[in-house]
Asks: 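Starting off with a structure, shown below.
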2 protein chains.
Amino acid sequence: MPSIDEVAARAGVSTATVSRALRGRSGVSPETRDRVLAIADDMGYVASSSAAGLATGRNMAIGVLVPVVHRWFFASAIEGVDRQLRARGYDLDLYSLGGHGTNRERVFHRSMLRKRIDGLVVLCMALTDDELAALHALEQPVIVVGGPVEGCRHISIDDRAALRDATEHLIGLGHERIVHLAGGGSFGIDFSVPRLRAAGFEDAMTAAGLPVGPASTLFGDYEARTSKDVVARALAGDPAQRPTGVVASSDEMAFGALLAAAEAGLRVPEDVSVIGVDDHDFSEVFGLTTIRQDPIAAGERAAGLLLAALEKDAAVPIDQPATEPHELVVRRSTGRAPVLAGAAQGAGSGSGSGERAARGPIDRTGSRIPSRPVGAGLSRTRSRA
Amino acid sequence: MPSIDEVAARAGVSTATVSRALRGRSGVSPETRDRVLAIADDMGYVASSSAAGLATGRNMAIGVLVPVVHRWFFASAIEGVDRQLRARGYDLDLYSLGGHGTNRERVFHRSMLRKRIDGLVVLCMALTDDELAALHALEQPVIVVGGPVEGCRHISIDDRAALRDATEHLIGLGHERIVHLAGGGSFGIDFSVPRLRAAGFEDAMTAAGLPVGPASTLFGDYEARTSKDVVARALAGDPAQRPTGVVASSDEMAFGALLAAAEAGLRVPEDVSVIGVDDHDFSEVFGLTTIRQDPIAAGERAAGLLLAALEKDAAVPIDQPATEPHELVVRRSTGRAPVLAGAAQGAGSGSGSGERAARGPIDRTGSRIPSRPVGAGLSRTRSRA
DNA sequence: TTGTACGCGTTATCAA
DNA sequence: TTGATAACGCGTACAA
């Protein structure tokens, strides 16, 4: 509440000295420094951000642009960014597009231009060309977490490899009729992450000589609800034809798949295996096998790189690759493919199923969390009344 | 990027006129106004927040203080606050305490005092006395969403009534051995919401003449994981003794209960009923009966009240009650209490169970979402191989 | 209706 | 090591 003059007056020095002392600048004798600090602290003085910002050109704040906040990935990444920022004395301004809304316009052409922030972290979003131009017009360092954005450095897992690994996990367990439960770009805007993940799925399938067709993709739209419905439909068919493995592009979608299986009376993993991507907060309780990523760490790292660039007064170098690790976490939702007598296969050519099935469960990366002896999966038959 | 002088120069007027025109002040001829607006827009001019803030004392930004962002309630409330703020041209500064950390100190004694914000929305938190004092020292309007905070107006559901309703729903279905799956204050700091909810549970139980003892409370700590473990233990006992109904103080905990039941081989709701509080994003897919609340709406409303106070240049009036609605949403996780031959009851006195059970399922509030004919619950016996 | 000039609270430059 | 003082970019009385 007090201003710097009041502190200066009480300390019997000039405002310049107070400023220097408080900011740890050199050129202040230890005695006056300590005295000023004590007095400022006593008076509860904190420099006004607006005034300091005006004078220095730095706001000690960075913006975080998100499509929505209440999804696991975004909420976690925000948490990570915040952690790094707070530790380094920066504030965080949140720009949420909150669904479709008209606030996109306001955010891009007003809020972000008010010079309240020194840099921007963009979380995994689909952007229009216009918005992309607005970003660059910011003339501030920008870094992206989650998906490639043209002209910006981005931090993310190798989405393609992630889905390849997930798919290979099921293939290694002998599965052949595998479907990909895919997400999609929201807002009808083109976005590359879903495509990369789909490509990873196809990589693994074709490499194993397994058929990939239109029927091998289910569209879950990154939602548990939608996923449940679409998987339920896929599971309803002929046992000899229906998929024995589901590779979901996100854990939320995998949850939907799990519930669909349970309601269809199918056992997991005996009848159908499900693997996701994320390692969502709920995945462990669900016993969901998944490809783990850590958005909190990614957020921290992104903010760290941004701040580094800021201190050098430069743009975030775009050249260096910045791939976050992902790892397979084996839990209870995946297991050996069921052996069906006389199972007819779609259009498959190639390698006999026997060979693959014979390999048995392989935890290539090793399971981070020891597979617990918890007897049943989700849909286990009841054993008592 | 351009400053107001450049706009003024290009428009051939003074900076004062530009300022007036841009802010919609009177005293500018329509022609010059339009011309200035056009030019400003063309140049992409946006007033610097620091400079404007310094000059006016208003920052057009409000702070949101949260314990963590990646929980459903907080993420949703943030979304709501953001929506309201953005619509009214305000920015949102996020202050996350991110778990325990030392940043509590930094947030309260540094960030929040930098005069970047005009008001504060506090999301459901346990605060130390010191922190509470810091809040009041802000001398800015403050409003709380979620739980009562001394000296601040707060927006929340009637937590006690909510749990009473939840419990009565189970009682109405004939349940007698009901446990409360409770949350707790984090950080070891006293917090009233868990207490209010526990009280609501006890209200309903005692009103129905049902016994409430230490054994009727399980501590789930607001986590699915913990809840699953503790419920699993409670469900493991003698079928004639174990609870037939679980009232969870949050949906996340209810999910844990659901999974525990499934893994124990119990059917929901035939063997055990589960009801939660929240109507979490996943609750519908889970078929979870719950007491719905809408944190997005609460956030919007809170921000609205805060802005209203701001415009009157006053504190948020603390007197007016501001209770958000809650409602019972009946889905598939609750049903009639199982009838057990020779079931022994704990310490129960009073009213015969027959009478209550005879009443059958009652949807007092009516189910918002029509109970779907989806055959099975989570743990249904498989019907096909 | 428009322009001039001062103040907002800090930081930074330059002398002392 | 310190202290005046001029920016920083904008809003707004006040004067024109």
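Note on naming: letters A, B, ... go to the chains in the order of the sequence lines (proteins, then strands), and numbering restarts at 1 for each one. In what follows, every heavy atom counts, from backbone to side chain, and hydrogens, waters and symmetry copies are set aside. These numbers were taken from a predicted model, which means no experiment stands behind them.
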Asks: Taking the side chain as every heavy atom from C-beta outward, state whether B:Leu135 and B:Met112 have any atom pair closer than 4.5 Å.
Replies: yes
Asks: Taking atom types as modelled, is there a side-chain donor on A:Ser3 or A:Asp5 under 3.5 Å from an acceptor on the other?
Replies: yes
Asks: With a 4.5 Å limit on heavy-atom distance, are the side chains of B:Arg116 and A:Asn59 in contact?
Replies: yes
Asks: Does the side chain of A:Glu79 come within less than 4.5 Å of B:Ser96's, by heavy atoms?
Replies: yes
Asks: Is there a side-chain contact between A:Leu97 and A:Leu65 in this structure, where contact means two heavy atoms from C-beta onward sitting under 4.5 Å apart?
Replies: yes
Asks: Distance check: side-chain N/O of A:Ser14 vs OP1/OP2 of D:dT2, anything under 4.0 Å?
Replies: no
Asks: For the residue pair A:Leu22 and A:Tyr45, establish whether any side-chain heavy-atom pair is separated by less than 4.5 Å.
Replies: yes
Asks: Is any side-chain heavy atom of A:Glu131 closer than 4.5 Å to a side-chain heavy atom of A:Met125?
Replies: no
Asks: Assign a letter to each nucleotide of nucleotides 5-12 of chain C from its 5' end: B, base within under 4.0 Å of a protein heavy atom; S, sugar-phosphate only; -, no contact.
Replies: --BBBBSB
Asks: Are the side chains of B:Arg86 and A:Arg106 in contact, using a 4.5 Å heavy-atom criterion?
Replies: yes
Asks: Give, ordered by number, those residues of residues 30-42 of chain B having at least one heavy-atom distance below 4.0 Å to an atom of DNA chain C; if nothing qualifies, reply none.
Replies: B:Thr32
